[in-house]
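I have placed the structure first, in the form of structure tokens, so that the comments after it can refer back to it.
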Amino acid sequence: MEIKFSNRGSTLIAAFSGELDHHFAEYARNKIERELIKATTRDVVFDLTGLSFMDSSGIGVLVGRYVNIRKLGGRAAIICRNTRIKKILEISGVLKLMSVHDELDHALRALSTA
Amino acid sequence: MQPVNEMKLEFLSKSSNEAFARVVAAAFVSQLDPTIEELADVRTAVSEAVTNAIIHGYENRIGIITMVCRQYDKSVEIEISDEGAGIEDIEQAMQPLYTSKPEMERSGMGFTVMESFMDMVRVRSKPGEGTTVTLYKTFSSAGK
């Protein structure tokens, strides 16, 4: 599992690759938290395009970060094309918190108009 | 009904074995010629059950998790057992969003995910003795 970070203005893009399960949840959590506390970050896009697997442990990571992003006044969106991961996001209610998009541009547009 | 094929795997309750268990289950189930989606369903459900055994069954102590897979004509039965803490109230544990460990950022969606991706999920548990989760799935393409 790997997370690569990039920035578009004050938006942090966290691009996941590999498999996100309980084994990698703490690693993912710590890595994103370190980026969130940087003053340059306001909004976050979780790019799950590179994930080949995610179970409900990933939900805990995303929702936990979402709560912290909101506390700091930011917003978050998700990029995901994998139907199985989308289904997990849907049944766990994540779609009520964050919008899900196919492309980065759509996610960035959603954050700028939200 | 007698299974056509059967396998049993024992492994330590280490989180690195979550990926191992779901790969083994998927490899065994592949004999039924499932679709890629069906195989992903099995991988996800097995991952949830094994994670539960590690976090809730053994509460991060090291114990043995047993996985038994039985293959029938068009279906599979996967039994994941631990000899850990057990569950006091199974009905409550299976409620969506219920978690006994919110401080660990557990989403409380494990059983709901298993139920969404498999045809049936059965849970047997005795406090202090352990838990067995059985996952059932019939494959659309099997036997074709």
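Source: prediction; values computed, not measured. Convention: sequence-line order gives letters A, B, ...; per-chain numbering from 1.
More than 12 heavy atoms of other shown residues, nucleotides or ligands fall within 6.0 angstrom of atom CD in B/Glu77. When the shell of 6.0 Å around CD of B/Glu6 is examined, it contains more than 12 heavy atoms from other residues, nucleotides or ligands. No more than 12 heavy atoms of other residues, nucleotides or ligands shown are found within 6.0 angstrom of CD1 on B/Ile36. Heavy atoms of other residues, nucleotides or ligands lying less than 6.0 angstrom from CD of A/Glu33 number more than 12. In this structure, B/Gln92 places its CD atom where more than 12 heavy-atom neighbours from other residues, nucleotides or ligands lie under 6.0 Å away. Residue B/Lys101 qualifies as enclosed at atom NZ: its count of foreign heavy atoms under 6.0 Å is above 12.
A/Gly60 approaches B/Ser107 most closely through the heavy-atom pair N-CB, 4.1 Å. Counting all heavy atoms, side chain and backbone alike, A/Ile91 lies closest to B/Met109 at O-CE, 3.2 Å. Pairing each heavy atom of B/Ser47 with each of A/Asp21, the nearest pair is OG-CB, 4.4 Å.
Transitive grouping of hydrophobic side chains (ILVMFWY, heavy atoms separated by less than 4.5 Å) keeps B/Val113 and B/Val29 in distinct clusters. Linking Ile, Leu, Val, Met, Phe, Trp and Tyr whenever their side-chain heavy atoms come within less than 4.5 Å puts A/Ile59 and A/Ile69 in one cluster. In terms of hydrophobic clustering, with Ile, Leu, Val, Met, Phe, Trp and Tyr side chains grouped at heavy-atom distances under 4.5 Å, A/Leu108 and A/Ile78 are assigned to different clusters. When hydrophobic clusters are built by joining Ile, Leu, Val, Met, Phe, Trp and Tyr residues whose side-chain heavy atoms come closer than 4.5 Å, directly or via intermediates, A/Ile32 is not grouped with A/Val45. Under a hydrophobic clustering in which Ile, Leu, Val, Met, Phe, Trp and Tyr are joined whenever their side-chain heavy atoms come within less than 4.5 Å, directly or via other members, B/Ile80 and B/Ile90 fall into the same cluster.
Going from atom CD1 of A/Ile88 over to atom OG1 of B/Thr112 covers 11.5 Å, rounded to the nearest 0.5 Å.
With a 4.5 angstrom heavy-atom cutoff, B/Asp41 touches chain A via backbone and side-chain atoms both. Interface residue B/Ala19: backbone and side-chain heavy atoms are both found under 4.5 Å from chain A.
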Next item on the list: Report the C-alpha separation of A/Asp55 and B/Arg43 in whole Å, then their side-chain angles, then the decisive distance to 0.1 Å, and conclude whether the salt bridge (charged side-chain N to carboxylate O under 4.0 Å, His left out) test is met.
Entry: CA-CA 9 Å; A/Asp55 62 15; B/Arg43 273 161 37 94; over 6 Å; no
Next item on the list: Apply salt bridge (charged side-chain N to carboxylate O under 4.0 Å, His left out) to B/Glu37 and A/Lys87, showing your working.
Entry: CA-CA 12 Å; B/Glu37 285 74 24; A/Lys87 191 172 168 187; over 6 Å; no
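For the pair A/Arg65 and B/Glu105, the salt-bridge criterion is met [side-chain N within less than 4.0 Å of a carboxylate O].
Using a distance-only test at 3.5 Å, with no hydrogens or angles considered, a donor-acceptor pair links the side chain of B/Glu48 to the main chain of A/Ser56.
Ranking B/Glu18, B/Lys14, B/Met104 against chain A, the residue ahead of the rest is B/Glu18, based on heavy-atom pairs under 4.5 Å. In terms of heavy-atom pairs under 4.5 Å with chain B, the best-connected choice from A/Ala25, A/Ser92, A/Gly64, A/Gly93 is A/Ser92. Your options are B/Ser116, B/Ala45, B/Pro102, and the one with the most heavy-atom pairs under 4.5 Å with chain A is B/Ser116. Between chain A and the options B/Gly110, B/Gly108, B/Ser16, heavy-atom pairs under 4.5 Å are most frequent for B/Ser16.
Contacts of residues 49-56 of chain B with chain A at a heavy-atom distance below 4.5 Å involve B/Thr51, B/Ile54, B/Ile55, listed in sequence order. Residues of residues 1-10 of chain A lying within less than 4.5 angstrom of chain B, judged on heavy atoms, are absent.
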